[in-house]
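I have placed the structure first, in the form of structure tokens, so that the comments after it can refer back to it.
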Amino acid sequence: MRAILKSPAKARNRPRRKHRRHLVSRYDPSASESDWQSAWETADCFKALGLDCGKPKYYVLEMFPYPSGRIHMGHVRNYAMGDVIARFKMAQGYNVLHPMGWDAFGMPAENAAIEKGTHPATWTYENIDAMRAQLKSLGLSFDWSREFATCDPSYYRHEQAMFLDFLEAGLVDRRESIVNWDPVDHTVLANEQVIDGKGWRSGAVVEQRALTQWFLKISDFSDELLGALDGLTRWPEKVRLMQANWIGRSEGLACKFELAEPVGEFSNIQIYTTRPDTLYGASFCALSPDHPLTLKLAVTDTELDDFRAMCAARGTSESDIEGGEKLGYDTGLFVRHPLDPDWLLPVYVANFVLMGYGTGAIFACPAHDQRDLDFARKYDLPVRPVVRPANADSKFDIADTAYTGDGIMFNSGDFNGLSPAAAREQIIAQFVEQGRGTRQVNFRLRDWGISRQRYWGCPIPVIHCPNCGAVPVPRADLPVILPEDVSFSTPGNPLDRHATWKHTACPKCGGEAVRETDTFDTFVDSSWYYARFTGLDPDAPTDRAATDYWMSVDQYIGGIEHAILHLLYARFYARAMHRTGHLGTDEPFAGLFTQGMVCHETYRDADGNWLLPEQVERREDGAFLKDTPDQRVEIGGIEKMSKSKKNVVDPDDIIATYGADTARWFMLSDSPPERDVQWTQEGVDGAWRFVQRVWRLINTHAENLTNIKTVHVHPDEMPAPTLELYRTVHRSIHEVTRDLEALSFNRAVARIYNLANELSGFSPTDDAERAILKSGLLTLVQLFAPMMPHLAESCWHALGADGLVATADWPQADASALVEDSVTLPVQINGKRRAEIIVPKSADRATIEEIARAEPKVEKFLDGKSIKKCVVVPGRIVNFVV
RNA sequence: GCCCUCGUGGCGGAAUUGGUAGACGCGACGGAUUCAAAAUCCGUUUCUUUCAACGGAGUGUCGGUUCGAGUCCGACCGAGGGCACCA
């Protein structure tokens with residue numbers, strides 16, 4: 001776009017006119033930013049202090065990146081926010097831990113290996129080097145001494161050791177489960193990698209396959225993970241709600257329906273329901289296609305076996321597309337209704353009953369459950385309502401919509417007239433008392449399957465022996481290191497084909513055995529990195545003294561897209577680590593902030609091809625191709641920056657053109673941080689202008705101020721104009737501090753603009769005024785220093801201040817300057833503002849009313865009317881009701 | 001379908017516990033400077049009544065509570081996000 005054309009870099013090089021009064025040269029970020037970065041490095045000022053430093057601790061962490069090779073604007077926004085907090089807290093006197101590392105295992109490295117023939121490790125470490133350099137050019141206050149990549153054996157060896165601890169603690173399970181299997185790539189796919197029932201990479205139809213997998217028993221913690229959400233008061237309500245829904249607690253009744261005729265060892269069907277109140281509306285029972293009884297029947301019933309196969313083939317996402325058509329198979333069996341043994345209900349196998357939830361079998365009440373109703377209508381089964389709305393009579397009937405609202409029980413024997421809630425309670429109590437059922441709590445949350453048929457992940461430290469079963473690798477043999485000599489020329493997992501790595505001796509019996517060739521889900525790596533950052537103990541996953549000091553993370557920042565998986569896994573992992581002695585806390589993140597995305601307009605040419613912003617020229621009459629200016633460009637919606645739509649801006653280009661500070665400032669201004677921000681040329685230009693304006697402001701005064709001493713003068717002794725400025729400065733300190741505490745960066749930015757405006761309008765005439773101006777300018781610099789740290793150092797230096805702003809103490813607001821002696825109050829007549837009065841701050845109600853009545857405009861409005869009431873809120877408002 | 005969030009100028013957004021709506025920025029317009037431009041500086045900018053006002057209207061729509069509502073309550077409309085056969 002035009003920014004790149006009329007870049008400030010070019011403007012800067014233009015010869016300047018000679019007769020400017022204040023000849024202040026432009027601020028040149030490219031010249032100074034790297035110098036200040038070196039100065040910080042030399043001073044080593046961002047290294048966390050020891051545990052015994054005596055300062056309170058503050059742990060700020062941004063979600064670490066996947067080393068894709070280049071940072072994007074989303075990273076800039078995320079890390080700029082974290083950096084502001086880190087620098088702000090450091091200035092406030094905290095011992096700050098602000099580390100950075102790499103979430104370095106994962107599929108893109110293998111894809112690169114397949115496409116380019118580069119080894120995943122080479123590709124990954126090259127990317128890390130490139131991205132580290134980019135992050136450093138942003139001037140972020142990371143303690144780089146703690147950097148690690150999760151693909152370093154020095155990291156994943158501890159992950160393996162902890163897995164063995166979890167194994168011993170009973171937190172790990174190995175069992176068969178149904179997975180999405182890509183028959184071409186020979187690998188398991190995650191649900192989100194299956195698109196329209198096909199593998200996202202190979203395009204092959206995904207199969208449902210039963211595989212033996214490793215699981216972490218996160219469901220053991222369901223209740224706790226749910227309950228503890230209430231204590232996470234510094235998390236967004238939205239994230240807590242999403243997690244609560246995901247965990248999905250429900251209360252209900254578990255009971256048995258006796259089979260009219262037993263089938264082998266099956267004499268009854270165990271069901272779970274949250275609506276026992278609708279038992280009298282029962283119409284049929286339904287089994288999951290994977291229910292043990294279904295499997296038993298399918299052995300002899302080939303038609304049922306075909307039905308099962310069809311359900312499996314419909315797979316994961318196809319049901320979504322079909323709109324979830326209900327399909328069933330009549331087994332011909334009957335069960336007895338638990339409240340009336342003579343009442344027989346048919347038993348179906350139904351595709352919408354999941355084996356993984358409850359007991360895999362249900363009783364269906366079509367009148368009050370939409371799925372059951374759809375099924376009943378399709379297979380012509382009875383629909384008997386038992387709950388009617390309070391205003392309906394006993395003829396209440398169901399058409400095509402199940403009634404799920406509250407109301408009054410009817411058609412329900414002894415329970416008629418009760419509310420559904422009361423009926424629910426009574427029926428459960430009755431079943432429990434008679435020993436025919438139990439009150440049961442169920443969760444939607446399943447155990448976490450962590451096996452991946454992948455090379456570029458942490459090897460699972462287990463050896464499979466034909467005689468001894470799954471044997472943990474002895475701790476002395478850790479880490480199990482990934483072999484480097486692997487080939488990606490054929491599909492599937494190279495570990496599975498690696499003869500010398502795979503085949504080994506059983507640690508128990510010494511016989512021939514094979515290694516587990518699956519690797520961990522990469523979410524495992526990111527589930528404990530926050531703890532590792534607190535202390536890099538070479539011999540243990542965590543340094544307990546360090547974790548006890550630093551944990552929990554005081555402020556965690558990242559994208560909302562991790563609201564469930566990563567954040568739930570990490571919360572589980574912290575508990576598992578607590579139980580196995582690696583951590584003293586249960587909650588990893590005391591404070592969570594989820595920032596919005598960075599968006600940009602989209603552009604397409606006449607053929608519909610996406611265009612990069614830099615290929616497009618915006619003019620008054622529309623957008624045109626830069627190379628061929630007569631070609632019109634269609635401007636599309638404002639969407640998240642993505643490579644596929646080409647609506648991206650490269651941080652490197654921005655930094656080269658405008659410097660890191662301008663990019664950071666723009667990312668923090670205007671939009672509230674939790675909301676999406678739109679990257680625009682005008683916005684960057686605005687940020688750039690402010691950088692230059694501040695630089696000019698400082699430098700027009702610098703020469704006259706360097707020798708001025710900023711001695712403290714009591715506000716009472718100041719002349720009016722000086723006092724006004726002094727007040728503005730201290731109000732700014734107060735407000736910016738409050739805004740930064742609340743992570744309201746956009747508001748802090750607005751207040752800084754305001755302060756800069758006020759300072760610009762002040763012309764000192766004597767040394768006393770110069771002293772006030774100087775301290776005001778120094779304050780301004782300190783207030784924006786967390787956001788534009790390089791510019792701040794340059795200004796700090798220009799004003800002749802000592803040391804680095806980065807290590808200076810945060811300014812303190814003079815409380816006495818925040819209180820005004822007099823205050824302007826609006827005067828309303830009947831709620832409409834009619835006038836303003838200036839009253840002493842200390843004035844009481846009566847005095848204020850008197851002053852208000854005396855105000856000419858007020859008199860005019862009150863003239864000839866009777867005052868019914870006068871509301872006076874000191875410091876706020878006066879309102880006459882006439 | 002269910003759950004959640006949000007609707008404020010031309011735009012991004014401010015507005016403490018209900019108390020002067022539109023801070024700050026962007027854009028636009030006018031002016032200064034300049035041979036001219038860029039850059040910079042000054043001013044105007046919610047809408048509206050032919051100008052103006054210490055005239056009227058105004059925070060998605062309609063209603064309510066209150067001396068007073070962007071803020072609280074109810075209904076509706078619209079946008080965005082999450083979940084989706086969880087019995």
Side-chain angles (χ1 to χ4, degrees), chain A residues 6 8 10-12 14 16-17 20 22 24 26 236-239 241-242 244-246 248-250 252 271-275 278 286 319-320 323-326 350-354 356-365 368-372 374-375 401 404 442-446 560-561 563-564 666 669-672 674-678 680-683 685-687 689-690 692-693 696 735 738 744 746-754 756-757 760 824-836 856-858 860-861 868-873 875-882:
Chain A
K6 60 156 212 188
K10 284 178 186 167
R12 199 189 306 134
R14 263 188 212 115
R16 300 194 58 82
R17 299 254 143 197
R20 270 286 127 80
H22 297 290
V24 176
R26 282 191 177 226
E237 186 58 41
K238 186 181 172 178
V239 175
L241 194 76
M242 280 165 77
N245 289 339
W246 187 264
R249 184 181 196 274
S250 75
I271 62 99
Y272 170 74
T273 179
T274 56
R275 293 296 304 272
T278 63
S319 59
D320 299 342
E325 193 194 354
K326 308 287 177 285
N351 66 338
F352 66 90
V353 182
L354 306 175
Y357 187 79
T359 59
I362 60 163
F363 90 84
C365 174
H368 305 295
D369 183 291
Q370 192 60 44
R371 294 158 302 177
D372 296 350
D374 293 345
F375 192 91
T401 310
T404 54
N442 266 341
F443 294 94
R444 213 185 75 108
L445 181 67
R446 316 287 172 74
I560 186 75
E561 66 273 21
I564 295 173
F666 176 46
S669 53
D670 287 350
S671 294
E674 69 278 7
R675 251 187 259 179
D676 290 352
V677 65
Q678 191 195 347
T680 60
Q681 195 50 55
E682 291 75 20
D685 288 341
R689 271 201 298 273
F690 184 64
Q692 296 304 336
R693 195 146 69 85
R696 265 196 313 277
E735 288 170 343
R738 195 190 56 197
S744 296
N746 59 318
R747 295 199 299 182
V749 164
R751 312 221 189 263
I752 288 168
Y753 270 115
N754 204 59
N757 290 344
S760 297
T824 310
L825 291 187
V827 181
Q828 296 181 337
I829 317 287
N830 283 346
K832 281 201 186 299
R833 188 174 71 91
R834 296 296 182 186
E836 278 180 2
K857 285 175 200 163
V858 176
K860 195 179 103 191
F861 275 96
K868 275 199 221 155
K869 193 172 175 184
C870 176
V871 181
V872 176
V873 183
R876 285 271 177 236
I877 204 159
V878 181
N879 190 11
F880 289 103
V881 187
V882 295

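Chain letters run A, B, ... following the sequence lines, proteins first, then strands; residues in each count from 1.
Taking A/Ile877 as the reference, A/Pro826, A/Gln828, A/Val873 meet the side chain to side chain contact (heavy atoms under 4.5 Å, CB included) condition, with sequence neighbours excluded. Not counting sequence neighbours, the partners of A/Arg689 by the side chain to side chain contact (heavy atoms under 4.5 Å, CB included) test are A/Asp685. A/Glu561 is linked by a salt bridge (Lys or Arg N to Asp or Glu O under 4.0 Å) to nothing, counting only residues two or more places apart in sequence or in another chain. Partners of A/Asp670 according to the salt bridge (Lys or Arg N to Asp or Glu O under 4.0 Å) rule, which considers only residues two or more places apart in sequence or in another chain, do not exist here. With sequence neighbours excluded, no residue forms a side chain to side chain contact (heavy atoms under 4.5 Å, CB included) with A/Ala750. Partners of A/Arg833 according to the salt bridge (Lys or Arg N to Asp or Glu O under 4.0 Å) rule, which considers only residues two or more places apart in sequence or in another chain, are A/Glu836. Judged as a salt bridge (Lys or Arg N to Asp or Glu O under 4.0 Å), and not counting sequence neighbours, the contacts of A/Arg751 are A/Glu735, A/Asp739. Applying the ring pair (Phe, Tyr, Trp, His ring centres under 6.0 Å) test to A/Phe352 and every residue at least two apart in sequence or in another chain returns A/Phe375.
Relative ring orientation between A/Phe690 and A/Tyr753 is described as tilted, the plane-to-plane angle lying within the 30° to 60° band.
In this structure, A/Asn442 reaches neither bases nor backbone, as no heavy-atom distance under 4.0 Å exists between it and the strands shown. Residue contacts for A/Val827: at a heavy-atom cut-off of 4.0 Å it reaches no nucleic acid atom on any strand shown. Looking at heavy-atom distances under 4.0 Å, A/Tyr753 makes contact with sugar-phosphate atoms alone, never a base. Nucleic acid contact for A/Ser669: none, since no nucleic acid atom lies under 4.0 Å from a heavy atom of the residue. Across all strands, A/Arg249 comes closer than 4.0 Å to no nucleic acid atom at all (heavy-atom distances).
When the P atom is used for both B/U61 and B/A69, the distance is 15 Å, rounded to whole Å.
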Inset, instruction - Represent RNA chain B in dot-bracket notation, 5' to 3'. Only Watson-Crick or G-U wobble pairs with both distances under 3.5 Å count; pseudoknot-style crossings use [ ] and interstrand partners use |. - result: (((((((..(((......[....)))((((((.......))))))(((......)))..(((((..]....))))))))))))....
Just the table, please: protein N/O against nucleotides 63-69 of chain B N/O, every pair under 3.5 Å.
residue, atom, partner, partner atom, Å
B/C67, O2', A/Asn879, ND2, 3.2
B/C67, O2, A/Asn879, ND2, 2.6

Report all interatomic pairs (protein N or O, nucleotide N or O of nucleotides 4-8 of chain B) with separations under 3.5 Å.
none

Protein N or O to nucleotides 43-46 of chain B N or O, pairs below 3.5 Å:
none

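If you take CD1 of A/Ile752 and C1' of B/G13, they are 17 Å apart, rounded to a whole angstrom.
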